[in-house]
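Sequence lines set the chain letters: A, B, ... in the order given, protein chains first and strands last, and positions in each chain run from 1.
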Amino acid sequence: MVASTEHEHGGGNTRLYLIVWGWLIALTGLEVFLGYEHIPLTIMVVVVMGLSIVKAALIMAYFMHLKFERLSLILTVVPALIVCISLLAIFFPDSLRALSLRAFR
Amino acid sequence: MAEARVNDQMLTEWDGGALPYAVGHKKLGMWLFIMSDSLTFSALLVGYAYVRLSSDVWAKPFPFYPSIIFSTVMTACLLSSSLTMVMAVSASERRDRGGVVKWILATIAGGLAFLILHLIEWNHLIGEGLRPFTVPAEWGEGASPLFGATFFTITGLHMFHVFTGVIYLGVTAARKRATHEDVEISGLYWHFVDLVWMFVFPLIYLLSIRY
(Lines give C-alpha, C1' and ligand atoms only; values in the text may rest on other atoms or scores of the structure.)
Protein backbone atom coordinates (compact mmCIF):
# COMPACT_ATOMS: atom_id res chain seq x y z
CA MET A 1 0.00 0.00 0.00
CA VAL A 2 2.75 2.39 0.95
CA ALA A 3 5.22 0.82 -1.42
CA SER A 4 3.75 2.83 -4.29
CA THR A 5 4.85 6.08 -2.65
CA GLU A 6 8.32 4.97 -1.68
CA HIS A 7 10.00 5.73 -4.96
CA GLU A 8 9.30 9.43 -4.39
CA HIS A 9 11.27 9.37 -1.17
CA GLY A 10 14.74 9.65 -2.67
CA GLY A 11 16.83 12.69 -1.91
CA GLY A 12 19.15 12.60 1.05
CA ASN A 13 22.29 10.53 1.42
CA THR A 14 24.75 10.05 4.24
CA ARG A 15 27.00 12.89 3.06
CA LEU A 16 24.11 15.35 2.94
CA TYR A 17 22.93 14.34 6.44
CA LEU A 18 26.45 14.76 7.81
CA ILE A 19 26.69 18.24 6.31
CA VAL A 20 23.32 19.21 7.84
CA TRP A 21 24.42 17.81 11.21
CA GLY A 22 27.66 19.79 10.98
CA TRP A 23 25.71 23.00 10.35
CA LEU A 24 23.39 22.28 13.27
CA ILE A 25 26.36 21.74 15.61
CA ALA A 26 28.10 24.87 14.28
CA LEU A 27 24.99 27.03 14.75
CA THR A 28 24.62 25.68 18.31
CA GLY A 29 28.24 26.63 18.98
CA LEU A 30 27.59 30.10 17.59
CA GLU A 31 24.57 30.50 19.90
CA VAL A 32 26.59 29.52 22.97
CA PHE A 33 29.38 31.90 21.91
CA LEU A 34 26.89 34.76 21.51
CA GLY A 35 25.51 33.95 24.96
CA TYR A 36 28.80 35.14 26.44
CA GLU A 37 29.13 38.29 24.32
CA HIS A 38 27.09 40.52 26.72
CA ILE A 39 24.66 41.46 23.95
CA PRO A 40 21.55 43.42 25.08
CA LEU A 41 18.68 41.01 25.81
CA THR A 42 16.35 42.25 23.05
CA ILE A 43 18.96 41.89 20.30
CA MET A 44 20.06 38.55 21.75
CA VAL A 45 16.47 37.23 21.66
CA VAL A 46 16.06 38.22 18.00
CA VAL A 47 19.43 36.76 16.92
CA VAL A 48 19.05 33.54 18.89
CA MET A 49 15.48 32.99 17.72
CA GLY A 50 16.57 33.62 14.13
CA LEU A 51 19.34 31.01 14.44
CA SER A 52 16.92 28.57 16.10
CA ILE A 53 14.41 28.98 13.29
CA VAL A 54 17.18 28.21 10.77
CA LYS A 55 18.06 25.09 12.80
CA ALA A 56 14.42 24.04 13.03
CA ALA A 57 14.04 24.51 9.27
CA LEU A 58 17.15 22.36 8.63
CA ILE A 59 15.79 19.60 10.88
CA MET A 60 12.34 19.68 9.28
CA ALA A 61 13.62 19.87 5.70
CA TYR A 62 16.32 17.20 5.84
CA PHE A 63 16.00 15.02 8.95
CA MET A 64 12.19 14.98 8.90
CA HIS A 65 12.36 14.61 5.13
CA LEU A 66 9.84 17.37 4.49
CA LYS A 67 11.90 18.75 1.60
CA PHE A 68 11.39 15.49 -0.25
CA GLU A 69 7.66 15.18 0.46
CA ARG A 70 4.90 16.33 -1.86
CA LEU A 71 4.18 20.07 -1.79
CA SER A 72 0.61 19.47 -0.53
CA LEU A 73 1.95 18.04 2.74
CA ILE A 74 4.38 20.94 3.20
CA LEU A 75 1.57 23.43 2.55
CA THR A 76 -0.63 21.68 5.10
CA VAL A 77 1.97 21.54 7.87
CA VAL A 78 4.12 24.64 7.63
CA PRO A 79 1.84 27.69 7.01
CA ALA A 80 -0.75 26.58 9.59
CA LEU A 81 1.98 26.23 12.21
CA ILE A 82 3.52 29.61 11.41
CA VAL A 83 0.14 31.37 11.60
CA CYS A 84 -0.95 29.66 14.84
CA ILE A 85 2.37 30.30 16.58
CA SER A 86 2.40 33.93 15.41
CA LEU A 87 -1.09 34.39 16.84
CA LEU A 88 0.29 33.61 20.30
CA ALA A 89 2.24 36.88 20.09
CA ILE A 90 -1.04 38.65 20.85
CA PHE A 91 -0.13 38.24 24.56
CA PHE A 92 3.01 40.36 24.46
CA PRO A 93 1.47 43.86 24.66
CA ASP A 94 -0.30 42.69 27.79
CA SER A 95 2.90 41.46 29.44
CA LEU A 96 4.46 44.91 28.91
CA ARG A 97 1.34 46.51 30.36
CA ALA A 98 1.65 44.29 33.43
CA LEU A 99 5.26 45.44 33.86
CA SER A 100 4.33 49.14 33.64
CA LEU A 101 1.53 48.66 36.20
CA ARG A 102 4.04 47.17 38.60
CA ALA A 103 6.44 50.11 38.29
CA PHE A 104 3.94 52.46 39.97
CA ARG A 105 3.71 50.43 43.13
CA MET B 1 -0.56 13.75 -12.78
CA ALA B 2 -2.14 12.00 -9.80
CA GLU B 3 -5.46 11.48 -11.55
CA ALA B 4 -6.92 8.02 -11.62
CA ARG B 5 -9.48 6.59 -13.95
CA VAL B 6 -12.19 4.90 -11.88
CA ASN B 7 -15.36 3.57 -13.53
CA ASP B 8 -14.61 5.58 -16.64
CA GLN B 9 -14.63 8.83 -14.69
CA MET B 10 -11.63 11.04 -14.25
CA LEU B 11 -11.18 11.65 -10.55
CA THR B 12 -8.74 14.16 -9.13
CA GLU B 13 -6.72 13.08 -6.14
CA TRP B 14 -9.06 14.93 -3.74
CA ASP B 15 -12.07 12.84 -4.81
CA GLY B 16 -10.72 9.88 -2.91
CA GLY B 17 -9.06 6.68 -4.01
CA ALA B 18 -5.66 8.36 -3.97
CA LEU B 19 -3.19 9.59 -1.40
CA PRO B 20 -3.29 13.39 -1.70
CA TYR B 21 -0.18 13.79 0.44
CA ALA B 22 1.55 10.71 -0.98
CA VAL B 23 2.16 9.47 2.58
CA GLY B 24 0.38 6.74 4.49
CA HIS B 25 -2.27 7.52 7.09
CA LYS B 26 0.06 6.70 10.00
CA LYS B 27 2.65 9.17 8.83
CA LEU B 28 0.05 11.87 8.25
CA GLY B 29 -1.23 11.17 11.76
CA MET B 30 2.25 11.67 13.20
CA TRP B 31 2.59 14.97 11.31
CA LEU B 32 -0.72 16.17 12.74
CA PHE B 33 0.38 15.11 16.24
CA ILE B 34 3.64 17.00 15.75
CA MET B 35 1.69 20.12 14.74
CA SER B 36 -0.49 19.97 17.85
CA ASP B 37 2.47 19.22 20.09
CA SER B 38 4.48 22.12 18.70
CA LEU B 39 1.57 24.38 19.59
CA THR B 40 1.71 23.04 23.16
CA PHE B 41 5.39 23.87 23.40
CA SER B 42 4.93 27.24 21.68
CA ALA B 43 2.23 28.15 24.19
CA LEU B 44 4.51 27.18 27.08
CA LEU B 45 7.43 29.17 25.66
CA VAL B 46 5.21 32.19 25.01
CA GLY B 47 3.91 31.85 28.57
CA TYR B 48 7.52 31.88 29.79
CA ALA B 49 8.28 34.96 27.67
CA TYR B 50 5.14 36.66 29.03
CA VAL B 51 6.13 36.05 32.63
CA ARG B 52 9.72 37.10 32.02
CA LEU B 53 8.72 40.32 30.20
CA SER B 54 6.30 41.32 32.96
CA SER B 55 8.82 40.69 35.77
CA ASP B 56 11.09 43.40 37.14
CA VAL B 57 14.00 41.03 37.73
CA TRP B 58 14.55 37.64 36.16
CA ALA B 59 16.96 35.18 37.75
CA LYS B 60 20.21 34.42 35.90
CA PRO B 61 21.09 31.13 37.54
CA PHE B 62 23.17 29.25 34.96
CA PRO B 63 26.95 29.22 35.54
CA PHE B 64 29.32 28.00 32.81
CA TYR B 65 29.92 24.88 34.84
CA PRO B 66 27.87 22.77 35.18
CA SER B 67 24.76 24.30 33.56
CA ILE B 68 25.95 25.69 30.22
CA ILE B 69 28.52 22.96 29.57
CA PHE B 70 25.94 20.30 30.37
CA SER B 71 23.17 21.83 28.28
CA THR B 72 25.52 22.33 25.30
CA VAL B 73 26.65 18.70 25.48
CA MET B 74 22.98 17.68 25.82
CA THR B 75 22.21 19.64 22.64
CA ALA B 76 25.03 17.85 20.84
CA CYS B 77 23.70 14.50 22.13
CA LEU B 78 20.23 15.19 20.74
CA LEU B 79 21.56 16.46 17.39
CA SER B 80 23.82 13.43 17.03
CA SER B 81 21.00 11.07 17.98
CA SER B 82 18.93 12.69 15.22
CA LEU B 83 21.74 11.88 12.80
CA THR B 84 21.85 8.24 13.94
CA MET B 85 18.05 8.10 13.58
CA VAL B 86 18.37 9.27 9.97
CA MET B 87 20.90 6.47 9.46
CA ALA B 88 18.38 4.00 10.94
CA VAL B 89 15.76 5.17 8.44
CA SER B 90 18.27 4.82 5.58
CA ALA B 91 19.13 1.30 6.76
CA SER B 92 15.44 0.46 6.87
CA GLU B 93 15.04 1.76 3.31
CA ARG B 94 17.73 -0.75 2.28
CA ARG B 95 15.80 -3.43 4.26
CA ASP B 96 18.89 -3.91 6.45
CA ARG B 97 17.23 -4.94 9.70
CA GLY B 98 20.46 -5.37 11.64
CA GLY B 99 21.44 -1.84 10.68
CA VAL B 100 18.08 -0.49 11.80
CA VAL B 101 18.42 -2.05 15.26
CA LYS B 102 22.03 -0.90 15.59
CA TRP B 103 21.33 2.72 14.62
CA ILE B 104 18.17 2.90 16.75
CA LEU B 105 20.16 1.64 19.74
CA ALA B 106 22.71 4.42 19.07
CA THR B 107 19.81 6.90 19.00
CA ILE B 108 18.49 5.55 22.31
CA ALA B 109 21.99 5.92 23.79
CA GLY B 110 21.97 9.61 22.78
CA GLY B 111 18.54 10.06 24.34
CA LEU B 112 19.60 8.36 27.57
CA ALA B 113 22.76 10.50 27.76
CA PHE B 114 20.55 13.56 27.38
CA LEU B 115 18.23 12.37 30.16
CA ILE B 116 21.04 11.56 32.58
CA LEU B 117 22.82 14.89 32.03
CA HIS B 118 19.54 16.76 32.38
CA LEU B 119 18.68 15.00 35.65
CA ILE B 120 22.14 15.84 37.05
CA GLU B 121 21.50 19.45 36.03
CA TRP B 122 18.05 19.45 37.70
CA ASN B 123 19.63 17.95 40.81
CA HIS B 124 22.23 20.75 40.87
CA LEU B 125 19.54 23.46 40.62
CA ILE B 126 17.29 21.81 43.22
CA GLY B 127 20.36 21.54 45.46
CA GLU B 128 20.85 25.29 45.13
CA GLY B 129 17.32 25.74 46.45
CA LEU B 130 15.24 26.11 43.27
CA ARG B 131 11.60 25.07 43.72
CA PRO B 132 8.60 25.55 41.38
CA PHE B 133 7.61 28.73 43.21
CA THR B 134 10.82 29.72 45.02
CA VAL B 135 14.14 30.94 43.69
CA PRO B 136 17.23 30.92 45.93
CA ALA B 137 17.93 34.37 47.45
CA GLU B 138 21.47 34.44 45.96
CA TRP B 139 20.05 34.51 42.42
CA GLY B 140 19.23 38.19 42.61
CA GLU B 141 17.26 40.62 44.74
CA GLY B 142 13.53 40.46 43.94
CA ALA B 143 13.96 37.85 41.19
CA SER B 144 10.59 36.50 40.08
CA PRO B 145 9.80 33.22 41.84
CA LEU B 146 8.06 32.08 38.65
CA PHE B 147 11.48 31.19 37.21
CA GLY B 148 11.16 27.75 38.79
CA ALA B 149 7.63 27.23 37.45
CA THR B 150 8.62 28.00 33.86
CA PHE B 151 11.90 26.09 34.07
CA PHE B 152 10.48 22.90 35.55
CA THR B 153 7.37 22.91 33.35
CA ILE B 154 9.12 23.44 30.02
CA THR B 155 12.23 21.33 30.57
CA GLY B 156 10.15 18.74 32.44
CA LEU B 157 7.67 18.33 29.60
CA HIS B 158 10.53 18.12 27.12
CA MET B 159 12.31 15.55 29.27
CA PHE B 160 9.08 13.54 29.36
CA HIS B 161 9.00 13.65 25.54
CA VAL B 162 12.59 12.37 25.36
CA PHE B 163 11.72 9.61 27.84
CA THR B 164 8.64 8.64 25.79
CA GLY B 165 10.74 8.75 22.62
CA VAL B 166 13.33 6.38 24.09
CA ILE B 167 10.56 3.87 24.90
CA TYR B 168 8.93 4.37 21.48
CA LEU B 169 12.25 3.76 19.69
CA GLY B 170 12.92 0.73 21.87
CA VAL B 171 9.55 -0.75 20.89
CA THR B 172 10.18 0.01 17.21
CA ALA B 173 13.59 -1.68 17.34
CA ALA B 174 12.19 -4.69 19.18
CA ARG B 175 9.20 -5.22 16.86
CA LYS B 176 10.20 -7.68 14.18
CA ARG B 177 7.18 -6.68 12.08
CA ALA B 178 7.99 -2.96 12.09
CA THR B 179 7.81 -1.72 8.50
CA HIS B 180 9.94 0.94 6.88
CA GLU B 181 7.09 3.39 7.43
CA ASP B 182 7.01 2.57 11.17
CA VAL B 183 10.73 3.29 11.50
CA GLU B 184 10.34 6.52 9.55
CA ILE B 185 7.43 7.66 11.77
CA SER B 186 9.31 6.97 15.00
CA GLY B 187 12.13 9.00 13.43
CA LEU B 188 9.74 11.90 12.79
CA TYR B 189 8.81 11.93 16.48
CA TRP B 190 12.45 11.81 17.56
CA HIS B 191 13.47 14.68 15.26
CA PHE B 192 10.57 16.70 16.62
CA VAL B 193 11.82 16.24 20.19
CA ASP B 194 15.22 17.43 18.95
CA LEU B 195 13.61 20.40 17.19
CA VAL B 196 11.80 21.53 20.35
CA TRP B 197 15.08 21.51 22.28
CA MET B 198 16.54 23.87 19.63
CA PHE B 199 14.15 26.49 21.05
CA VAL B 200 14.17 25.49 24.72
CA PHE B 201 17.97 25.51 25.00
CA PRO B 202 18.62 29.11 23.83
CA LEU B 203 15.47 30.62 25.36
CA ILE B 204 15.80 29.04 28.80
CA TYR B 205 19.54 28.53 29.15
CA LEU B 206 21.42 30.98 26.93
CA LEU B 207 19.26 33.98 27.92
CA SER B 208 19.86 33.36 31.64
CA ILE B 209 23.63 32.89 31.85
CA ARG B 210 25.36 33.98 35.04
CA TYR B 211 28.59 35.54 33.82
CG/A/L41 to CZ/B/R52 distance, rounded to the nearest 0.5 angstrom? 5.0 Å
Quick one: which of A/V48, A/L81, A/L96 has the most heavy-atom pairs under 4.5 Å with chain B, could you say? A/L81
Count the heavy atoms belonging to other residues, nucleotides or ligands that lie under 6.0 Å from OH of B/Y211, then report whether that count exceeds 12. yes
Test side chain to side chain contact (heavy atoms under 4.5 Å, CB included) applied to B/V86 and A/Y62, step by step: CA-CA 9 Å; B/V86 167; A/Y62 293 99; over 6 Å; no
Once you measure the plane-to-plane angle for B/Y50 and A/F91, does it fall in the parallel (<30°), tilted (30-60°) or perpendicular (>60°) bin? perpendicular
Begin with the C-alpha distance, continue with both residues' side-chain angles, and end with the deciding distance and a verdict on side chain to side chain contact (heavy atoms under 4.5 Å, CB included) for B/K27 and A/H65. CA-CA 12 Å; B/K27 194 165 164 186; A/H65 234 251; 5.5 Å; no
In terms of heavy-atom pairs under 4.5 Å with chain A, the winner among B/F64, B/Y205, B/F192, B/W190 is B/F64
With chain A as the partner chain, list the residues of residues 157-173 of chain B whose heavy atoms fall under 4.5 Å from it, by residue number, and write 'none' if nothing qualifies. none
Does CD belonging to A/E37 count more than 12 external heavy atoms closer than 6.0 Å? yes
Residues from residues 97-114 of chain B approaching chain A under 4.5 Å (heavy atoms): none
Tell me, side chain or backbone of A/L24 under 4.5 Å from chain B's heavy atoms, or both, or neither? both
Cut-off 4.5 Å, heavy atoms of chain B, and the answer for A/L34 is neither
Nearest-0.5 Å distance, CE of residue B/M198 to CG of residue A/L51: 12.0 Å
Given 3.5 Å as the limit, does a donor-acceptor pair link the side chain of A/S52 with the main chain of B/F199, or not? no
Determine the option with the most heavy-atom pairs under 4.5 angstrom with chain B, choosing from A/E31, A/K55, A/M60. A/E31
I'd like to check A/M64 versus B/L195 (side-chain heavy atoms, cut-off strictly below 4.5 Å). Are they in contact? yes
Between A/L27 and chain B, with a heavy-atom cut-off of 4.5 Å, which part of the residue counts as in contact: side chain, backbone, both or neither? neither
Using side-chain heavy atoms (C-beta onward) and a distance below 4.5 Å, is B/L53 in contact with A/L99? no
Enter the distance from B/L79:CG to A/W23:CH2 here, rounded to the nearest 0.5 Å. 14.5 Å
Separation between OG1 (A/T28) and CZ (B/F201), nearest 0.5 Å, reads 7.0 Å
